[in-house]
Engineer: 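Below are the structure tokens for one structure; questions will follow.
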There are 2 protein chains.
Amino acid sequence: MKKNADNPKMKDVLREQIFGRALLPLQKLPSERELSELFSTTRISVKDALGALETEGLIYREDRRGWFVSPPRIRYNPLSRCHFNQMINEQDRIAETQLINISTIMAPSDYAKVLELKELTEIHVIERLRYIDGRVVLFVENCLISHFFPGIIEENLTQSLTQLYQDKYQFTTSRSRFDVIPAAAPAHVAKALNISAGQQVLKICRVNYNQQGKIIDCEFEYWRPDAVMISIDSIEHS
Amino acid sequence: MKKNADNPKMKDVLREQIFGRALLPLQKLPSERELSELFSTTRISVKDALGALETEGLIYREDRRGWFVSPPRIRYNPLSRCHFNQMINEQDRIAETQLINISTIMAPSDYAKVLELKELTEIHVIERLRYIDGRVVLFVENCLISHFFPGIIEENLTQSLTQLYQDKYQFTTSRSRFDVIPAAAPAHVAKALNISAGQQVLKICRVNYNQQGKIIDCEFEYWRPDAVMISIDSIEHS
DNA sequence: TCCATCCTCTGGACTAGTTCAGTGAGTTCA
DNA sequence: TGAACTCACTGAACTAGTCCAGAGGATGGA
């Protein structure tokens with residue numbers, strides 16, 4: 001069968017099926033090869049169409065696993081003191097956290113810059129993965145200035161770090177700065193998020209100050225772009 | 001000449017030339033066809049490589065014109081009362097604003113929802129383009145609830161709307177909410193930004209309340225993703 | 001000098017394939 | 001039962017083309 005005017009564009013058909021609930025959140029789409037047969041087109045055209053729906057936030061990819069329908073976005077206020085689990089639960093979603101790796105290193109220049117370090121300084125890097133409804137959507141690197149946090153490595157680091165700072169170290173966050181950019185996923189982040197290196201992520205870099213106004217840690221968050229809406233209300237901070 | 005291990009990947013070469021200042025901000029890259037000859041590869045592979053650099057924020061595309069090296073990002077605080085021109089000038093860049101279109105319509109459902117309208121309401125839609133250093137980077141739609149703003153259409157709408165609200169209507173913004181998502185450019189936005197429909201943009205939707213706590217307008221901003229870093233500091237709001 | 005037309009150039013979108021490398025399920029063996 | 005192996009499946013990445021439609025510059029005519 002040749003393509004003709006009776007043959008609606010694949011991305012329009014899929015979009016309608018998603019909006020019409022024929023395809024449900026987290027549901028797997030047919031493979032690219034199947035779609036290219038179904039719609040009598042080539043795989044490159046299928047990839048382009050799927051990529052367009054991905055850009056719209058309607059579907060997401062997983063490297064070597066397939067394409068899936070995106071669930072609704074989470075509303076996220078980076079200035080909020082609300083723990084991840086609580087934030088997700090409040091939106092009737094299921095949260096989970098996985099500790100991936102902890103390392104203790106001399107701060108490389110990009111970290112040193114963010115933390116405004118003037119000399120060689122040891123930091124702990126805590127890598128965690130965040131899941132919503134069983135899907136991995138966020139890779140987080142917390143970079144803690146070690147000398148502020150003796151013995152933290154032995155703690156349960158899947159819990160709220162902010163709470164741990166307060167309970168064990170009597171640090172409260174007096175101020176936060178955050179920057180948001182669309183970025184390309186570095187290889188280690190991509191692998192953790194089940195995408196190929198260089199795919200689009202939404203990167204949030206946050207710097208936290210304790211009650212003495214000193215920077216104590218920074219945090220790099222890499223979000224799946226379809227999973228989150230950053231939402232800020234000026235009234236919550238006045 | 002066949003590809004072999006001596007032939008470095010095109011995107012790595014271009015990335016090095018950009019970081020090494022052999023390719024300067026706003027400079028045009030060779031066309032896809034030229035690059036495919038230079039690097040003995042196909043146009044699809046060139047497009048993939050260029051797309052990867054675009055995702056990194058290093059280059060940007062213009063439909064039918066070519067690919068260009070991205071200038072540094074603007075730091076933008078959506079909660080700031082700072083006018084666009086001032087914000088850009090403070091970062092040693094040149095700002096320009098172009099009024100594209102003004103229309104007066106009954107609010108369609110997506111606008112009505114954002115403005116929390118309970119009944120059929122007339123709105124003014126003011127479309128503007130924002131340029132930094134001569135490059136179009138931002139398409140803005142301001143949606144004003146008409147009955148709050150008698151006679152506004154005749155004003156100079158390239159100036160700061162916020163200032164106009166205050167001077168002519170004695171409205172000050174007491175509160176703002178904004179949402180940020182990566183989105184696909186609608187056709188009318190894409191055309192204005194010199195990209196094809198469906199390309200990635202960073203969409204900011206803002207809602208403003210006057211001193212009586214009433215929503216008076218909302219704003220949809222569509223940013224070129226490589227041009228902006230959203231930057232918020234909690235200390236500026238306490 | 002200005003406007004209309006033409007032409008080349010551009011990215012966008014498509015055709016028809018191929019190879020690569022990791023995932024995950026099923027099977028086999030200890 | 002658990003671990004290792006195998007194999008089909010998957011998207012990623014590549015080859016070699018084609019056609020489309022709008023941008024912008026050059027040219028010619030009024």
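Reminder, nothing fancy here: chain letters follow the sequence lines and each chain counts from 1.
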Engineer: Give the nucleotide from the list dA16(D), dA12(D), dG12(C) with an atom nearest to the side chain of Thr42(B).
Structural biologist: dA16(D)

Engineer: For a quick check, tell me whether the side chain of Arg33(A) and the base of dG11(D) share a donor-acceptor pair closer than 3.5 Å.
Structural biologist: yes

Engineer: May I have the distance from Lys11(B) (atom NZ) to dC14(D) (atom P), rounded to whole angstrom?
Structural biologist: 8 Å

Engineer: Output the rounded distance in Å from CE (Met10(A)) to P (dT15(C)).
Structural biologist: 11 Å

Engineer: Let me know the distance between CD of Glu32(A) and P of dT23(C), rounded to the nearest Å.
Structural biologist: 17 Å

Engineer: Take the protein atom CZ of Arg61(B) and the nucleotide atom C1' of dT10(C), then report the distance between them rounded to whole Å.
Structural biologist: 13 Å

Engineer: For Phe68(A), is the NZ or CZ atom of Arg135(A) found under 6.0 angstrom from the centre of its six-membered ring and inside 45 degrees of the ring axis?
Structural biologist: no

Engineer: For Glu62(B) and Gly66(A), find the nucleotide of DNA chain D closest to each by heavy atoms; which residue's nucleotide sits nearer the 5' end?
Structural biologist: Gly66(A)

Engineer: Of the listed nucleotides (dC14(C), dA23(D), dG11(D)), which one gets closest to any side-chain atom of Arg65(B)?
Structural biologist: dA23(D)

Engineer: Quick one: do the Ser231(A) and Asn77(A) side chains pair a donor with an acceptor below 3.5 Å?
Structural biologist: no

Engineer: When you check the phosphate oxygens OP1 and OP2 of dC9(D), does a side-chain N or O of Ser31(A) lie under 4.0 Å from one of them?
Structural biologist: no

Engineer: Phosphate oxygens OP1/OP2 of dT15(D): is one of them under 4.0 Å from a side-chain N or O of Thr41(B)?
Structural biologist: yes

Engineer: Would you say the base of dA12(D) and the side-chain of Arg64(A) have a donor-acceptor pair closer than 3.5 Å?
Structural biologist: no

Engineer: Think Arg128(A) forms a cation-pi with Phe84(A), using NZ or CZ under 6.0 Å from the six-ring centre and within 45 degrees of its axis?
Structural biologist: no

Engineer: How long is the line joining NZ of Lys47(B) and P of dC14(D), in whole Å?
Structural biologist: 15 Å

Engineer: With respect to Leu35(B), which candidate in Thr41(B), Leu50(B), Val13(B) satisfies the side-chain contact (heavy atoms from CB on, under 4.5 Å) definition?
Structural biologist: Leu50(B)

Engineer: Can you figure out which of dT10(C), dA16(C), dT10(D) approaches the side chain of Glu34(B) most closely?
Structural biologist: dT10(C)

Engineer: Between dG24(D) atom C1' and Asn194(B) atom CG, what is the distance in whole Å?
Structural biologist: 12 Å

Engineer: Touch check for Asp63(A), heavy atoms < 4.0 angstrom, all strands: base, sugar-phosphate only, or nothing?
Structural biologist: sugar-phosphate

Engineer: May I have the distance from Ile195(B) (atom CD1) to dA21(D) (atom P), rounded to whole angstrom?
Structural biologist: 20 Å

Engineer: Could you pick out which residue, Lys28(B) or Ile44(B), lies toward the 5' side of DNA chain C when each is mapped onto its nearest nucleotide?
Structural biologist: Lys28(B)

Engineer: Using a distance-only criterion (donor-acceptor N/O pair, under 3.5 Å, no hydrogens), is the base of dA16(D) paired with the side chain of Arg43(B)?
Structural biologist: no

Engineer: Out of dA12(D), dG12(C), dT10(D), which nucleotide sits closest to the side chain of Gln199(B)?
Structural biologist: dG12(C)

Engineer: What orientation do Trp223(A) and Tyr76(A) show, parallel under 30°, tilted 30 to 60°, or perpendicular over 60°?
Structural biologist: tilted

Engineer: How many Å lie between CD1 on Ile59(B) and P on dG11(C), as a whole number?
Structural biologist: 10 Å

